[in-house]
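Take a look at the structure set out below.
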Amino acid sequence: MSSIIPKLDEITPESFLESVNRIFELKRKAGLVPYLDNPEDVRKRAELYATKYKNGSLGWASNIWSRSAANTVVINSESELKKEHKLLMLRVLEHILAQGPMIRVDGAYGSPNSKVRMHIRVYVDPQFPDLAYRWKQLVFDVDKESKVDATLFVVPHYLGNPNIPGSDKLLAVIRFPFQNFTIITLSSYQGEIKKGALCHWIFHAYKQGCTGEHAALREFSVRTVEESWKRVVLAIWGLTGSGKSTHGFYMWTEKNAPLYVKNFGTNPLDYVKDQEVKNDDIVAICEDRVYGSELGAWTKTEDLTPDMEAMWNGAFSSRALHENTEFDENGNPSFEGKLFQYFGSPNRNARTVLYLEDTGFFKGSVDSSGPLNTAVFLSPGYFTDYAWVKLNDIELAAKALADGRTVGHPAQARELVGKVRFVPRYTEFTIGIGDDAHVLRFYEFLKKWKERGNEVEIFMWNTTGRIIAKYRWVEKKLGDKMIMAPEPILQEVNGVLKPIGGERPTIEETEFFLLQATRGAVEYKPHPVWGEKVLVPKHVPGIKDERLKQLDPTTYLSMDEFKALLKAQIEESKYNLQKLGLKLPSEIMNAMDF
């Protein structure tokens, strides 16, 4: 036993990997099967306990319905390993030794010719073949004999898990960026595997001279006000639940065009062509172009309707693979969120693995046709946000990306719902290198593109937030300092915490703004505090000026109150960046000061 599994105090990242190999070799020598190598029958195994919807698709339920960010640690060096970490590593080794053959699947992030292509290998406990099968559908095929760049060990059981050292949270996930592997326990939530693998890909992208970003990618050609055609390479950043998939998959079609004609007097199809879905979730932004990671998507389908045609096509396909997704009275998948519940509240995180080609708007490539030229930060807020603004200063844009300001959604974690959050780069998946390094690389790209005359248009949208929700001022401690800060007043609506009052744009209004902005048809005015650094829509052809006024926070606030809210936001953001250890130059850190 001691020669197969190291003693507790002898466990290191390297000895863990060596022990796994010894376990596999021991079983092989004993005439046993150590693992099923990319088995062809993995779908059949998973079907045994799948919900078989009438439209032919399959669904499963996970034991945890959101990602376990609070139960995750990253170990950057052996000196960081505590007894609790070693204990969980020991338990995983013991389980692999005692368990029947693991399921091994291989796949690649990045298309075959991508500069950021990466071979990932995943070992899954044999009791969860659906996890192996669904992950495999998201990624590109790879030669399983090629060099493996990162490995995941997925054992979704309770293994007597210790708490994270110094915390009351169970330790569930451990990442080792420099030994290129991740251990996942407790949770059978598909997102743990997807995002676990993508953590390693984001680091890989950085090492290839790019920056890995939590952003969707789509393209379309737009007829500008000068009557020329412009190709829009659009990346949309946002934390889970902020609308990234909604807008990343959004297409103007014959089905939704009548809504635009009715509401704005404009048919978008007169101005756009060659629309493409490229990638839903994580991309590598490089100097030459944007590279997609996945051939499929694992997207939240909450409140999905046929109007969102591309996502609907993929999610309602007979090939779709659902998680925590309801059924209707006809036995088909339902995205209404009325039947299933989680901890007594309505389920707000149904998910679907879908194939990009099933959307009807995928043309075979997950990579952009050229460099990034349009960026959107989804920064929902409650107090200072307009519906849409244009960030006209690259230092301020870099600060906004570093802040990653958002509001909590059940898909992030139940305890975060409704809270204002600062999550650098809208991601919790940065390992191996700091978020500040990615921000600075993106900032350098922005400067280079600007010098070449290929300036990126950067927008910030308030999607799932509110334009002036009801709030109260409270004392908030930031380190040794006490400040007064706004706090939203939330109320429970059908089991979900929501802000009280406030306006927000519809999906169609936001997409119509995007159309007119990329056409060059929007007339702007300086922000009342930041001036020319941030531009506010003054006139959007097709949207009434009265409506723009409703989507303007200064309609409801005095300028003194608006400035006080903005100052509190800036102070909190700086404190958060410093607390997280981000080292940014003063021109970025202070870009929002006034």
*Check the angle between the aromatic planes of F335 and H322 and answer parallel, tilted or perpendicular using the 30° and 60° thresholds.*
tilted

*Any donor-acceptor N or O pair under 3.5 Å, side chains Q137, Y355*: yes

*Does R441 use its side chain to pair, donor to acceptor, with the backbone of C210 at less than 3.5 Å?*
yes

*asked:* Looking only at side-chain N and O atoms, does Y426 offer a donor or acceptor that is under 3.5 Å from a partner on S379?
replied: yes

*Testing F513, F377, W237 for ring pair (Phe, Tyr, Trp, His ring centres under 6.0 Å) with F459, which one passes?*
F513

_Parallel, tilted or perpendicular, as decided by the 30° and 60° cut-offs, for the rings of W312 and F316_ = parallel

*Look at the side chain of T510 and the backbone N and O of I507, then say whether any donor-acceptor pair between them is shorter than 3.5 Å.*
no

*Strictly by modelled atom types, are Y271 and Q516 linked by a side-chain donor-acceptor pair under 3.5 Å?*
no

*So how far is it from L58 CG to Y133 OH, rounded to the nearest 0.5 Å?*
7.5 Å

*Will you find, in the side chains of E336 and S334, an N or O donor that is under 3.5 Å from an N or O acceptor?*
no

*Going by atom types alone, do N349 and W65 pair a side-chain donor with an acceptor below 3.5 Å?*
no

*Give a yes or no answer on whether the side chain of Y556 reaches the backbone of I467 with a donor-acceptor pair at less than 3.5 Å.*
no

*Among D280, T301, D281, side-chain hydrogen bond (donor to acceptor under 3.5 Å, both in side chains) partner for S245*: D280

*Under 3.5 Å, side chain of R504 to main-chain N/O of R466, donor-acceptor pair present?*
no

